[in-house]
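What follows is a set of notes on a single structure, which appears directly below.
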Amino acid sequence: MRIGVFICHCGSNIAGTVDCAKVAENARMFPDVVLAQDIMYTCAEPGQAAIEAAIHEHKLDGVVVASCSPRIHEPTFRRTVERAGLNRYMFEMANIREHVSWIGKDKEANTNKATELVQIAVAKLRNDKPLKAKSFDINKRVLIIGAGVAGIQAALDCAEGGIQVVLVEREATIGGKMAKLDKTFPTVDCSACILGPKMVDVAQHPNITLYAKSEVEDISGYVGNFNIKIRKRATYVDWDKCTGCGACTEKCPAKKTPDTFNELVGPTTAINIAFPQAIPKKAVINPEHCRQLTKGKCGVCAKVCPTGAINYEQQDEIITEEVGCIVAATGYDLMDWTVYEEYGGGRYPDVVTSLQYERLLSASGPTEGHIKRPSDGKEPKNIVFIQCVGSRDRSIGRPYCSGFCCMYTAKQAILTKDHIPDSKSFVFYMDIRANGKIYDEFTRRAMEEYGTEYIRGRVSKIYPDGEGHLIVRGVDTLLGEGVEIKADLVVLAVGVEAAKGSPKLAEKLRISYDSYGFFLESHVKLKPVETNTAGVYLAGVCQGVKDIPASVAQGSAAAAKVLGLFSKDKLENDPQIASVDMKRCVDCGKCIRCCPFGAIKEVEFRGKMYAQVIETVCQGCGLCTSTCPQGAIQLSHATDNQILAEVNTLCQC
Amino acid sequence: MNDAIELSRMRDTDFTAAVDAQSGQRISTCYQCGNCTAGCPAGFVYDLQVNQVMRGVQLGLKNKVLNSRSIWMCLSCSTCSQRCPNNIDVAGVMETLRHMARKEGIVTVPKVDKFWTSFLATVRKYGRTYEIGTMVLYMLRSMRVFTDVDLAPAALAKGKLGFKPHKTPEEGAEAVGRIFKRYQERANRQGVRA
Amino acid sequence: MKIAYYPGCSATGSSADYEKSTQAVCAALGMQMEEIRGWSCCGSTPAHAVDTQLSGALSARNLDLAARQKADMVLTPCPSCLSNLRHAAKRLENPEFRAGVNELLDEPLSENLPETLSVMQGIARAYDTDAIAARVRKPLAGLKLAAYYGCLMSRPHEVMEFGDPENPTLMESLLTACGAEMVDFPLKTECCGASYGIPERAMTARLTGRILNLATMLGVDAVVVACPLCQMNLDLRQQQAAKEAGVAFSMPVLYYTQLMGIAFGLAPSALGLDKLCVSADNLLRKLDQPAAYSKAPEGDKA
């Protein structure tokens, strides 16, 4: 074998603490190495050209580059060697930057370690085999989970691009959190007015199939060919017949049903349509409060329904769909702020969440847009807004910033002044995070033009004074003193957490999630929409906190990824996958149980059972190879022999 | 002429490290939200608010912090620690600062220190405390003869003030006395104020 | 289960009524406690304000005596003692601290020291609310009470383990079992000014004023306490607080044991009710009177 070794200086990143010329000199002593040289920047065009030229000139059949992390430039160099006519897997990379030059200052020790890493890479390369990818067909349909603004945007962009979209929404209506908002910052335009048309487009687009009141039950398959099971919850209303006329909701006698769309501010009826612009505009029965379903007598809605749509016997339904890729856009929930006992732990009706306050502000809300406090329906005059409730608080395990609370609090303060001109708003804040386009100007407007009093500090305690007010005890750290406000209403900017059930969905999607339930992107900066599972993309807050503009942008970005994937007719698999040696397999089933991707199945061959890897599903993680007690499974490009060659070399260094 | 605090000169990072070590807290995790000050029941008699004390420790302003009245007026009610979003035992830090100040002989609020030493002197002598003894000793030491005299009639009438020293039985008083003696000796050996 | 009893110094002076009523209630329930022989002061606030190891030694001496008495558990009525004893036990888990404390003591501490709980917890562990209710002879029906725990009982949570540190509810469950109506008292764990009543009375007056004011606004018949210092600050110093606040207060401040004792039908003299500065007579009269109006329960008109 004829191997060429290239040692990268990476400017001074590597050369600063590694003697690159010496590493190259050492490498010339390793078996099969016919050429070793150091290069200022291997990844730059001249560097790549030098490698290509060397392959031709020295008739190399394998290349080692010692430079940065393979996560960064392995694809680059694989293409380089491929251009020069080598198989892309006849290439090895030694990471002498992250693993050497950046972590130690001793040049001699670093040079030795770099030499050893190169020696290991050479040993591996001597055992490498050319590998070839296989191709397979794609099902050009996309599943989008969650129909908030991010999911809606992704669905519309995909549908416009000619892709068939399956859109699944857990709630009875699409629109997500944005549908609950009164106005939106920084332009203070009506949320329903700007989201409404998009929701209507979803309903009317011929390429979109919408399943509302539905959840993804099971996902199997792989990029290009996923099989989806969707559980369509029983609504007890035949939506094919329901016209959304609302006759049932007017007559329903169970008028104390909790109204989740209105964030429990005020009750609704057991049969209900979430709000006037709901999509689909169909009635849904809440089985926990419906008298017919709980007590077996009532039936009023069935009597008044002009189309006979009510069906008390309806059951959940399982629907199967086949798609080629998936966008997760499951959004967020507010954290359970009642852990703050010092704020009353939810016992004081006039301490409300910011989302509840949106419903109080909204013309379609329970108070028809008049701000009335929940306890006695009076119009509040002194309103205190408290930011970072459940954000940036390690003591309750929420160290992160929820991102958009500063902005919506400023918006709510402005709207409060519009609604009640003689009101006074106070905002307790720690830092004002307003770094979007015309965001800082917006918060300044709340202070300067709307007279909102911003007080820098947290609030330690809220308690009722027994005369109908709430005493808010906080601090003005700029003044250096404790402050107290007698408030009529307190609005908590409650922190964001991943939507309930996110970890469970992540497991179905086989994607990673962080300790707070947010889905993990493939690379925090460079692959913010992709996940580590091929064909699964992310949009909106499910990936991390973001506001409406950013959610919409990521929805479109996810759609671009879908359209890019579907621009090909066939997909290539990664040949770095596992394969079973049937002669050694004893059908113990351990690999089947440990595979996180469901990529190993049992097959019968001449009357005996064996394990078999589904090539298109295997992600090459290697779990099965280390689990197999017989050594019957080998992972291409990381075979036992290849790894042992590396270990042997290291032990002899 | 600039009377600003010259941070390049005034910062005593050893002090910050010593407070961290003795209190077992990480002062650098304080992000100055002020929740400690917001909830502090004694803040209105402080010269530096609790968050300002924490800030002083972060900056290593040893003199400013150890000479503050606040560390003596802290009630040790732990409201600050309970509500700190960064899990800092703020009350523990206040107590550490008071210990440090005392050991260096800095007593900014002598009446509080005198009350404590009067109390402990009673305990040292009798093994237990009794109210009249502490009060008399405190009045003598602080020269504050009229402390709570308005309460005396009510308290006496209700038998609220113990007149007789409760000397601890079973040699308890003596055992307690020896605890104090050893404590005093140890402080002397270490060259700090007991 | 052998229970050692640690009364604390104030039991012998300012809170003789707490001591009396605690003993009476425990006796009425049949709870056996053995006083720690030769117990001494835990050092209270002054000791830990001065030095943690001095405080540790003064407290641990008592735990050691209890261990030698073969006690499984120590109960104390006083939250300040409770806090000191529990803090000492927690800190003694650190070998360096234990060695420092042992240096101050005549003999090294026993390896295993019994856990300290409040008498309130001791009662609640031994008797569920049904058992308490079964002992009631004169229900506290018609009484509206505010439970006030003070700052020490529930904080810090890791040391005290006394329910939610912001919203403990043990007193409420005991007194509800005795028939009283307990209001949600949001200042239940705010500090009353503690021992600063002596050197810094204005501060204490202001803090107690806030508590008394809210209790008055909520229209309760009494504030119920479990701490001698809280009781003294709220009761004996009530006029100081009134002066500072510029309003008049007339709020009885009783120990929870006194109210339980009343409910158990024990004689007022056995409960030390005569020691209260703000008399509980009105409250007792209210209990003796049959309810003037009985409100019809509100039905579900849905």
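Per chain, numbering begins at 1; letters A, B, ... match sequence-line order.
For NZ of A:Lys381, the number of neighbouring non-hydrogen atoms (other residues, nucleotides, ligands) closer than 6.0 Å is greater than 12. Around the NZ atom of B:Lys103, the shell of radius 6.0 Å holds more than 12 heavy atoms that belong to other residues, nucleotides or ligands. In B:Lys181, the NZ atom is not crowded: 12 or fewer heavy atoms of neighbouring residues, nucleotides or ligands sit closer than 6.0 Å. Residue-environment remark: CZ (A:Arg347) exceeds the threshold of 12 foreign heavy atoms within 6.0 Å.
Annotation for B:Cys33 and A:Met430: closest pair CB-SD, 3.1 Å, computed over non-hydrogen atoms. Closest approach of A:Val475 and B:Asn35 over heavy atoms only: CG1-N, 4.5 Å. Contact between A:Arg394 and B:Thr29 at its shortest, heavy atoms only, is NH1-CG2, 3.3 Å. Taking each heavy atom of B:Gln49 and A:Gly480 in turn, the nearest pair found is CG-O, 2.9 Å. What you find for A:Arg456 and B:Gln32 is that their closest heavy atoms are NH1-O, 2.6 Å.
In this structure, the portion of B:Cys40 lying under 4.5 Å from any heavy atom of chain A is its backbone and not its side chain. With a threshold of 4.5 angstrom between heavy atoms, B:Cys80 does not approach chain A through any atom at all. Of the two parts of A:Val459, only the backbone, made up of N, CA, C and O, holds a non-hydrogen atom closer than 4.5 Å to a non-hydrogen atom of chain B. Both the backbone and the side chain of A:Arg392 come within less than 4.5 Å of a heavy atom of chain B. B:Phe44 does not touch chain A: none of its heavy atoms, backbone or side chain, sits under 4.5 Å away.
Between the CD1 atom in A:Ile396 and the CG atom in B:Asn87 there is a gap of 10.5 Å [rounded to 0.5 Å].
In this structure, the side chain of B:Arg83 engages the main chain of A:Ser460 through a donor-acceptor pair within 3.5 Å.
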